[in-house]
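The structure appears right after this line, and notes come after that.
This structure is a prediction, so every number in the text was calculated from the model and none was measured. So you know, we letter chains A, B, ... as the sequences are listed, proteins then strands, and number each from 1.
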Amino acid sequence: MSNQQPPQFATQLLDWFDSNGRHDLPWQQDINSYRVWVSEIMLQQTQVKTVIPYYRRFMQSFPDINTLAEASQEQVLSHWAGLGYYARGRNLHKAAQLIMAEHNGVFPKDFDSIVGLPGIGRSTAGAILSIALNQRFAILDGNVKRVLSRFFAIEGWPGEKRIESKLWLLADELTPKQRFDDYTQAIMDLGATLCTRSKPNCENCPVQSSCLAFKQEDVTKYPFKKPKKEKPIKQAWLLIRQNQNAQICLYQRPQKGIWGGLWSLPEFESYQACEQYLQSEGSCQQSLIEWDSFRHTFSHYHLDIHPLYLDESVVSGVKDQRAHYNDDSNEEKPEGWYSIQSLLKGEVGIPAPVVKLMNRLDETK
DNA sequence: AAGTCGGGGGG
DNA sequence: CCCCCAGACTT
């Protein structure tokens, strides 16, 4: 309804962007579909500052679609270790192979084909189309949701379907007919640098005079908070086995579930379960040591980790072992022994808490 | 619509 | 401790 004002919003935003926007981010150089795509995937639920070093390493190793498609999942995931949401890495890899097989190795240029690739939804597709492919498409990421929620004083949580639809409509209407590539970048920059979650810098905002939240003198009321729910607390015992070569025993986790596809320490539901496991394979457990527990928090639960260290340098009782993750696919998941150095160099992808433990082990040596 | 995927930044 | 971040996918 509140239409026919749009040129002003975009014009003011673009003027601000020209002199105050970010123009030197790594993915803003040598722009093409592939580079923008990788950046958009990494930036999902992840802040720019965090992404930059990962992006540099990734593009160094996989400079184009073909290189990425030819790489092993192992190599790709090792570049993703520590970034989180590992399905993003797996999907990126799968999509690259799919582009080679079904699009002659050329990144598709139409919305339906792009949004059909694994890991790409409406917003990411819109970003690639507008920034890299010169087509007028809107985005609706966390930044845009926040900016629009405030500008229009939207009463409702953006996670709610009805509210999100309204925001998409507004996002689309506000997108200009010219310079939509810069506009896409501009509205994200506004959200990331001025219209921030807390302590927004309204004094320097180019659209302050029309912002309804600013008029209400309660900018941080928007966007409405997500209704909070209790996070459950789970427990896990992680076994650190070190053999006579000072190597650590890891298993590859199932593709589905937490830390999918990463290599991690043997995990147990209790101390007793760990003991039982060691007993069952005739390993000496005299030197089983409990390290200090610590908490690792995911988006939907807390995990209290209880590390158990076992020095097997003297007694080499390494026998046949099987994975004990609950993996429906009955796949054989062999264990692997790695030196701490190779793990800290990131030769395979390991979860952040395991990195922490490996560092702890490395220091006490 | 709700749950499942991480890890880190900043208050 | 809390919430949120250039979301997508599954159920």
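- The side chain of A:Arg197 approaches C:dC3 more closely than any other nucleotide in the set C:dC1, C:dC3, C:dA6.
- Side-chain atoms of A:Ser299 and base atoms of B:dG7 include no donor and acceptor less than 3.5 Å apart.
- With rounding to the nearest 0.5 Å, the separation of OG in A:Ser61 from CZ in A:Arg57 is 9.0 Å.
- Rounded to whole Å, atom C1' of C:dT10 lies 12 Å from atom CG of A:Asn91.
- Because its NZ or CZ atom is both nearer than 6.0 Å to the ring centre of A:Trp168 and within 45° of the ring axis, A:Arg122 counts as a cation-pi partner of that residue.
- If you check every strand for non-hydrogen atoms under 4.0 Å, A:Ile41 touches nothing.
- As judged by a 4.0 angstrom heavy-atom cut-off over every strand, A:Phe298 is placed among residues touching the sugar-phosphate backbone only.
- Rounded to whole Å, the distance from CG on A:Leu83 to C1' on C:dG7 is 14 Å.
- Distance from the side chain of A:Lys228 is smallest for C:dC2 among the nucleotides C:dC2, B:dG7, C:dG7.
- An OP1 or OP2 oxygen of C:dC5 is reached within less than 4.0 angstrom by a side-chain nitrogen or oxygen of A:Arg146.
- Listed pair A:Lys225 / C:dC3 fails the phosphate criterion, with no side-chain N or O lying under 4.0 Å from OP1 or OP2.
- The distance from atom CZ of A:Phe17 to atom P of C:dA6 is 15 Å, rounded to the nearest whole Å.
- Proximity of A:Arg162 to the phosphate of B:dA1: no side-chain N or O atom is located under 4.0 Å from OP1 or OP2.
- Atom NE2 in A:His302 sits about 10 Å away from atom P in C:dC3, given to the nearest Å.
- Distances shorter than 4.0 Å separate some side-chain N or O of A:Thr124 from OP1 or OP2 on C:dA8.
- A:Val51 comes within contact range of no nucleotide atom at all, as no heavy-atom separation falls under 4.0 Å.
- Between the CH2 atom of A:Trp157 and the P atom of B:dA1 there is a distance of 10 Å, given to the nearest Å.
- For A:Arg88 against C:dA6, a side-chain-to-base donor-acceptor contact under 3.5 Å is absent.
- Here the side chain of A:Met188 is nearest to one of C:dA6, B:dG3, B:dG9, namely C:dA6.
- For A:Phe298 and A:Tyr301, the ring centers are positioned less than 6.0 Å apart.
- Take the nearest nucleotide of DNA chain B for A:Gly84 and for A:Ser198: the residue whose nucleotide is more 5' is A:Gly84.
- Under a 3.5 Å cut-off, the side chain of A:Lys215 and the backbone N or O of A:Ser209 do form a donor-acceptor pair.
- Contact annotation: A:Trp259 side-chain N/O to B:dG7 OP1/OP2 distance is under 4.0 Å.
- Ranked by how close their nearest DNA chain C nucleotide is to the 5' end, A:Lys256 and A:Gln185 are led by A:Gln185.
- Between A:Tyr183 and A:Phe17, the distance separating the two ring centers is not shorter than 6.0 angstrom.
- A gap of 23 Å separates the C1' atoms of B:dC5 and C:dC1, to the nearest Å.
- When the C1' atom of C:dG7 is taken as reference, atom CG of A:Asn143 falls 13 Å away, rounded to whole Å.
- Applying the side chain to side chain contact (heavy atoms under 4.5 Å, CB included) test between A:Leu43 and each of A:Asp141, A:Thr124, A:Leu25, A:Val51 identifies A:Val51 as the sole match.
- Residue A:Ala127 is classed as having no contact, given no heavy-atom separation below 4.0 Å to the nucleic acid.
- At B:dG9, none of the side-chain N or O atoms of A:Gln47 fall inside 4.0 Å of OP1 or OP2 (strictly under the cut-off).
- At the heavy-atom level, A:Gly159 lies nowhere under 4.0 Å from the strands shown.
- Side-chain N/O atoms of A:Tyr301 include none lying less than 4.0 angstrom from OP1 or OP2 on B:dC5.
- Of the candidate nucleotides B:dG8, C:dC9, B:dG11, B:dG11 has the atom nearest to the side chain of A:Lys199.
- Here, C:dA6 and B:dG3 have their C1' atoms 23 Å apart, quoted to the whole Å.
- A:Phe107 has its ring centre less than 6.0 Å from the ring centre of A:Trp37.
- Residue A:His296 places no side-chain N or O under 4.0 Å from the OP1 or OP2 atom of B:dG6.
- If A:Ile120 and A:Trp27 are placed on DNA chain C by their nearest nucleotide, the residue sitting closer to the 5' end is A:Trp27.
- In this structure, CD of A:Glu230 is placed 13 Å from C1' of C:dC2, rounded to the nearest angstrom.
- For the P atom pair drawn from B:dG9 and C:dA8, the interatomic distance equals 23 Å after rounding to whole Å.
- Taking atom OH of A:Tyr54 as the reference point, atom P of B:dG9 lies 10 Å away to the nearest angstrom.
- Checked against a 6.0 Å centroid threshold, the rings of A:His79 and A:Phe62 count as neighbours.
- Relative to the side chain of A:His300, the nucleotides B:dG11, B:dT4, B:dG6 differ in distance, and B:dT4 lies closest.
- When each of A:Glu160 and A:Gln45 is assigned the nucleotide of DNA chain B bearing its nearest heavy atom, the one mapping closer to the 5' terminus is A:Glu160.
- Heavy atoms of A:Leu117 sit under 4.0 angstrom from primed sugar atoms or phosphate atoms, though from no base atom.
- Across C:dC9 and B:dG8, the matching C1' atoms stand 23 Å from one another, rounded to whole Å.
- Residue A:Gln44 has its side chain nearest to C:dG7 when only B:dG7, B:dG6, C:dG7 are considered.
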